[in-house]
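Quick caveat, the model's predicted, so the values are computed rather than measured. Numbers restart at 1 for each chain; the letters A, B, ... are given by sequence-line order, proteins then strands.
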There are 2 protein chains.
Amino acid sequence: MKKSSKFSDVLHILLHIADSPTTVTSEKLAKAMQTNPVVVRRMMAGLRENGLVRSDKGHSGGWFLSCDLDKVTLFDVYEAVESPTLLAIGNRNENSVCQLEKAVTATTQKAFIDAETLLLKKFKDITLAKLHMSIKKDAHNHTH
Amino acid sequence: MKKSSKFSDVLHILLHIADSPTTVTSEKLAKAMQTNPVVVRRMMAGLRENGLVRSDKGHSGGWFLSCDLDKVTLFDVYEAVESPTLLAIGNRNENSVCQLEKAVTATTQKAFIDAETLLLKKFKDITLAKLHMSIKKDAHNHTH
DNA sequence: GACTTATGTAATAGTATAAGTTACATGAAA
DNA sequence: TTTCATGTAACTTATACTATTACATAAGTC
């Protein structure tokens with residue numbers, strides 16, 4: 001199964017915006033992401049709705065931050081991209097009448113939820129500021 | 001993203017086989033799974049290769065266990081279905097030259113691996129015997 | 001005020017993966 | 001030798017994700 005990289009793509013975009021002294025257009029971001037500007041706008045829609053970024057139209061328009069990097073965690077970003085499914089595996093029919101299938105579901109479900117909970121807990125522990133600080137600056141090539 | 005239920009499907013099938021005093025045909029299993037016999041055979045191929053089950057051709061043929069339910073864990077089953085991807089989210093390009101993307105990858109990767117590790121640890125702690133014992137028997141309807 | 005630049009979003013097209021089906025070969029038991 | 005069962009390749013759907021096109025909206029420029 002192919003993994004969705006929407007969550008990390010959005011983080012990547014946020015760092016590009018954070019690193020820029022001016023607004024950044026969807027087109028520039030799309031270049032860095034090697035995709036289409038429309039895809040960028042679509043990915044960022046939830047972040048705008050959640051007040052993490054804003055976007056201006058017209059000349060010198062584009063994206064800029066509207067949140068405190070110290071206050072916002074990866075969990076907030078995760079929610080802003082509409083909390084995509086974390087696990088690639090699951091149960092076929094959680095309301096099966098088959099006792100055997102129910103046993104499988106009950107047993108595996110616990111493990112699945114524990115793993116998801118751990119992951120979300122980790123997200124809550126990492127602020128965007130912390131992520132931003134982890135960048136190893138490179139004078140020759142730090143925009144992409 | 002649609003979750004793969006191959007792993008839990010195979011567990012479900014194993015319980016059906018474990019619960020039957022005789023061999024079970026792919027056709028019967030397919031009925032319980034509401035799918036096609038060929039899909040069942042395909043799903044079980046890895047389990048046969050790993051010695052967890054065997055299958056006989058011809059009259060009174062079908063599937064039967066060839067492992068000790070006390071010795072085999074969910075992890076063994078997971079490996080036998082070729083260790084499908086556990087997480088539905090990931091990074092786009094783990095070898096990007098962009099320092100910003102690298103920072104995102106490094107940070108999220110840690111969280112992803114921890115969650116995966118936890119899940120696999122849980123799998124290792126659950127034997128098929130334990131799973132089998134968890135079935136709440138129901139005299140009226142215990143095959144499906 | 002017309003023009004340029006930018007976003008917003010609906011609609012469409014393209015692509016990849018998984019699931020389901022058909023067809024036929026193999027082999028064991030009746 | 002007929003029947004029943006698996007093994008597997010090939011093909012067909014189904015579905016979801018990604019990318020693209022098209023056009024409306026709005027802000028700044030000339």
Side-chain angles (χ1 to χ4, degrees), chain A residues 1-10 12-13 17 20 22-50 52-66 81-82 84-85 87-93, chain B residues 1-10 12-13 16-17 20 22-50 52-66 81-85 87-93:
Chain A
M1 176 178 289
K2 186 149 172 56
K3 294 189 177 192
S4 162
S5 55
K6 185 175 176 183
F7 173 62
S8 57
D9 281 349
V10 161
H12 182 188
I13 290 174
I17 298 173
S20 169
T22 60
T23 59
V24 192
T25 63
S26 301
E27 196 173 339
K28 275 192 185 171
L29 292 170
K31 284 242 175 69
M33 309 293 302
Q34 307 191 73
T35 183
N36 194 292
V38 175
V39 175
V40 171
R41 292 188 195 117
R42 223 156 28 197
M43 283 200 300
M44 300 299 285
L47 272 71
R48 183 181 50 231
E49 283 158 22
N50 286 37
L52 303 187
V53 293
R54 280 171 52 200
S55 53
D56 278 352
K57 293 180 176 179
H59 277 91
S60 73
W63 299 88
F64 55 100
L65 295 179
S66 63
V81 291
E82 290 168 311
T85 306
L87 292 183
I89 64 176
N91 293 107
R92 176 174 298 273
N93 175 8
Chain B
M1 174 177 292
K2 186 152 172 52
K3 294 189 178 190
S4 162
S5 56
K6 185 175 174 183
F7 172 62
S8 56
D9 281 349
V10 160
H12 181 188
I13 290 174
H16 273 282
I17 298 172
S20 169
T22 59
T23 59
V24 192
T25 64
S26 300
E27 197 173 339
K28 277 192 182 168
L29 291 169
K31 283 241 174 72
M33 309 294 301
Q34 307 192 75
T35 183
N36 194 292
V38 174
V39 175
V40 171
R41 291 188 195 116
R42 221 152 35 191
M43 283 201 298
M44 299 300 284
L47 273 70
R48 183 181 50 231
E49 283 159 22
N50 285 35
L52 303 186
V53 294
R54 280 171 51 199
S55 54
D56 278 352
K57 293 180 176 179
H59 278 92
S60 75
W63 300 88
F64 55 99
L65 296 179
S66 62
V81 292
E82 290 168 312
S83 310
T85 305
L87 292 183
I89 64 177
N91 294 107
R92 178 174 297 273
N93 177 7

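- An angle of 10°, rounded to 10°, separates the two end axes of the helix from C/dG1-D/dC30 to C/dA30-D/dT1, each defined over five pairs.
- Taking both residues in full, the closest heavy atoms of A/M33 and A/I13 are given as SD-CG1, 3.7 Å, listed atom of the first, atom of the second, then distance.
- In this structure, the side chain to side chain donor-acceptor pair (under 3.5 Å) partners of A/S55, at least two apart in sequence or on a different chain, are A/R48.
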With 3.5 Å as the limit, what N/O pairs link the protein to nucleotides 18-22 of chain D?
{"unit_1": "D/dA19", "atom_1": "OP2", "unit_2": "A/T35", "atom_2": "OG1", "d": "3.0"}
{"unit_1": "D/dA19", "atom_1": "N7", "unit_2": "A/R42", "atom_2": "NH2", "d": "2.9"}
{"unit_1": "D/dT20", "atom_1": "OP2", "unit_2": "A/N36", "atom_2": "ND2", "d": "3.2"}
{"unit_1": "D/dT20", "atom_1": "O4", "unit_2": "A/R42", "atom_2": "NH1", "d": "3.1"}

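- Between B/R54 and the phosphate of D/dA5, there is no side-chain N or O to OP1/OP2 separation shorter than 4.0 Å.
- The two residues B/K6 and B/V81 make their nearest non-hydrogen contact at NZ-O, 3.9 Å.
- Contact of the B/V24 side chain with the B/H16 side chain is not registered, since no non-hydrogen atoms from C-beta on lie closer than 4.5 Å.
- Atom pair B/L47:CG and D/dT6:C1' shows a separation of 16 Å (rounding to whole Å applied).
- Closest approach of A/W63 to A/T25, counting heavy atoms only: CD1-C, 4.3 Å.
- Considering only side-chain N and O atoms, A/S55 lies nowhere under 4.0 angstrom from the phosphate OP1 or OP2 of C/dA6.
- In this entry the distance linking CZ of A/R48 with C1' of C/dA6 reads 12 Å, nearest Å.
- A distance-only check finds no donor-acceptor pair linking the side chain of B/S5 to the backbone of B/S8 [under 3.5 Å].
- In this structure, B/M43 atom CE and C/dA18 atom P are separated by 14 Å, rounded to whole Å.
- Residues that satisfy the side chain to side chain donor-acceptor pair (under 3.5 Å) test with B/N50, not counting sequence neighbours, are absent from this structure.
- Dashed line: the shortest gap from a side-chain N or O of A/S26 to OP1 or OP2 of C/dT7 is under 4.0 Å.
- No side-chain heavy atom of A/L52 sits under 4.5 Å from any side-chain heavy atom of A/L65.
- Distance, A/L29 CG to C/dA6 P: 12 Å, rounded to whole Å.
- Straight-line distance from the CG atom of A/N93 to the P atom of C/dA19: 15 Å, rounded to whole Å.
- Regarding A/F7, its CZ atom lies at a distance of 17 Å from the P atom of D/dC17, rounded to whole Å.
- Side-chain contact between A/I17 and A/M44 is present, with heavy atoms from C-beta onward closer than 4.5 Å.
- Between A/M44 atom CE and C/dT9 atom C1' the separation is 16 Å, expressed in whole Å.
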Under 4.0 Å protein heavy-atom contacts per nucleotide of nucleotides 25-30 of chain C, with B for base, S for backbone only and - for none: -BBBB-

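- A pairwise comparison of heavy atoms in B/I89 and A/T85 identifies CG2-O, 3.6 Å as the closest pair.
- Atom CG of A/D56 is separated from atom C1' of C/dT4 by 16 Å (rounded to the nearest Å).
- Annotation: side chain to side chain donor-acceptor pair (under 3.5 Å) contacts involving residues 35-47 of chain B, sequence neighbours excluded, comprise B/S26-B/R41.
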